[in-house]
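Positions are given from 1, in the same order as the sequence printed here.
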Amino acid sequence: MNISTADKVRIGLHSMPRPDVDIVAYQAVTNTVAWVECKSYLDSTGVQMSAFDGSNPKFAKRFRVFTDPTFREVVTDALVRQMVEERLARPKPKAEYWLVAGKIAGSSQDAVAAHFEANGWTLRDRGWVTAALQEVAGDGYEDDVVTMAAKLLRP
């Protein structure tokens, strides 16, 4: 999606290329657009609360949609405007913000979950991913890589 030069100045990222949104989901029944950020962090300590509480500004930049209200507002407005203009969403959809994290640091799990709940955001962690894959694994045969991988991982 494109944002204007004025919007880039407003969010303090004058030379920023197009904003990066990992996944955009739309639910027509509720007219809801979900901005989904995906972070694996499988080979690290995981997502930490320091990314959200202001104690690690460098880490916070990776989660700008959750840590910078002006960025969130400007980019959400552009995203929604584009979706409506392209008839991918009805006018005036509600916006939701999700984080799907493959790994959350053990010491941060409760704090991150509480932070997301307090802000009305959705957090999906490794347990959710595992449960969703197990559910897919129980379905019938599909010639699909994700389904096959889920079936191989089934206990």
**Message:** So does Pro91 get a backbone contact from the side chain of Asn31, meaning a donor-acceptor N/O pair under 3.5 Å?
**Reply:** yes
**Salt bridge flag under 4.0 Å for residues Arg10 and Glu73** = yes
**Exceeds 12 heavy-atom contacts within 6.0 angstrom, atom CG of Asp110** = no
**Message:** Check this for me: Arg64, atom CZ, are more than 12 non-hydrogen atoms of other residues, nucleotides or ligands nearer than 6.0 Å?
**Reply:** yes
**Message:** Taking Asp139's backbone N and O only, do any of them form a donor-acceptor pair with Lys151's side chain (distance below 3.5 Å, no angle check)?
**Reply:** yes
**Complete:** Applying ring pair (Phe, Tyr, Trp, His ring centres under 6.0 Å) to Phe71 and not counting sequence neighbours gives none
**Asked** Counting N and O atoms only, with roles assigned by atom type, does the side chain of Arg72 sit under 3.5 Å from a partner on the main chain of Val65, one being a donor and the other an acceptor?
**Response** yes
**Item:** Crowding at CG, Asp144 (>12 non-hydrogen neighbours, <6.0 Å)
**Value:** yes
**Prompt:** Under 4.5 Å between any side-chain heavy atoms of Tyr26 and Leu88, yes or no?
**Reply:** no
**Asked** If only atom types and distance count, is the side chain of Lys39 paired as donor or acceptor with the main-chain N or O of Leu99 below 3.5 Å?
**Response** no
**Asked** So, do Phe116 and Thr122 sit near enough that their side-chain heavy atoms are less than 4.5 Å apart?
**Response** no
**Asked** Does Asp125 reach the side chain of Gln109, with side-chain heavy atoms less than 4.5 Å apart?
**Response** no
**Prompt:** What orientation do Phe63 and Phe59 show, parallel under 30°, tilted 30 to 60°, or perpendicular over 60°?
**Reply:** perpendicular
